[in-house]
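Reviewing the structure listed below.
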Amino acid sequence: MLTKYINEEIRGKVSFPPNLTSKEVARALHLYIQTARKENGLHIVVTNMGILKGEISFEFCAEHIQKKGFLCKKRFIPSRFSIVSVIDFSDSIQAFLQEKSKLVKHHFGTGYNLRIVGQTMKEGDNQILVCVLAEKSG
């Protein structure tokens, strides 16, 4: 009976080919996360980002989203989640983080800390791919 209290965590990695632009990688990663949520009931959180053998790779951990009852309308509010976005080369990272912090506060409430997991810019691209981890403090 003890197994129902154990939260199973899944770890994995996903990579994208080097010929994609930052915007295309962000779009593909969003689609990957949404598909895992809809089809498998998994909440994916990107924990690390880097370039491996020319490919942009993301390490993640995932957990099963607990099903709510039929009459329960409460939505899933994660304790941590990822924000993957593309910003222009000339934009300020600090302004980007402040904007995302306001959005997180609006949608999920206070108490989330944001930190950059990784950022990369492809040669010849004028946009930066930024991955941010939002974690509930305390």
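This one's a predicted model, so the numbers in the text were calculated from it and none came from an experiment.
The distance between the ring centers of Y32 and F58 does not fall below 6.0 angstrom.
Going from atom OG of S85 over to atom NE2 of H30 covers 6.5 Å, rounded to the nearest 0.5 Å. Put simply, CD on E99 and CG on L114 are 11.5 Å apart, with the number rounded to the nearest 0.5 Å. Atom OG of S15 is separated from atom NZ of K13 by 6.5 Å, given to the nearest 0.5 angstrom. Of the inter-residue distances, the one linking R80 atom CZ with T47 atom OG1 reads 7.5 Å to the nearest 0.5 angstrom. Here F96 contributes atom CZ and Q119 contributes atom CD; the two are 9.5 Å apart, rounded to the nearest 0.5 Å. For the atom pair CG (L29) and CD (Q34), the distance works out to 10.0 Å, reported to the nearest 0.5 Å.
With H43 contributing its side chain and H64 its backbone, the two residues share no donor-acceptor pair below 3.5 Å. The backbone N or O of L31 lies less than 3.5 Å from a partner atom in the side chain of T35, making a donor-acceptor pair. Without hydrogens or angle criteria, E39 side chain to A36 main chain gives no donor-acceptor distance under 3.5 Å. Within the 3.5 Å criterion, the main-chain N or O of G111 finds a donor-acceptor partner in the side chain of S137.
Put simply, V84 and M49 are part of the same group of oily side chains (I, L, V, M, F, W, Y) that touch within less than 4.5 Å, one to the next.
Test K100, E135, K105, K136 against Y112 for side chain to side chain contact (heavy atoms under 4.5 Å, CB included) and you get one pass: K136. Among S22, P17, P18, the single residue meeting the side chain to side chain contact (heavy atoms under 4.5 Å, CB included) criterion with L20 is P17. Screening L133, L97, I83 against I116 for a side chain to side chain contact (heavy atoms under 4.5 Å, CB included) leaves a single residue, L97.
When all heavy atoms of F60 and V14 are compared, the pair lying nearest together is CE2-N, 4.1 Å.
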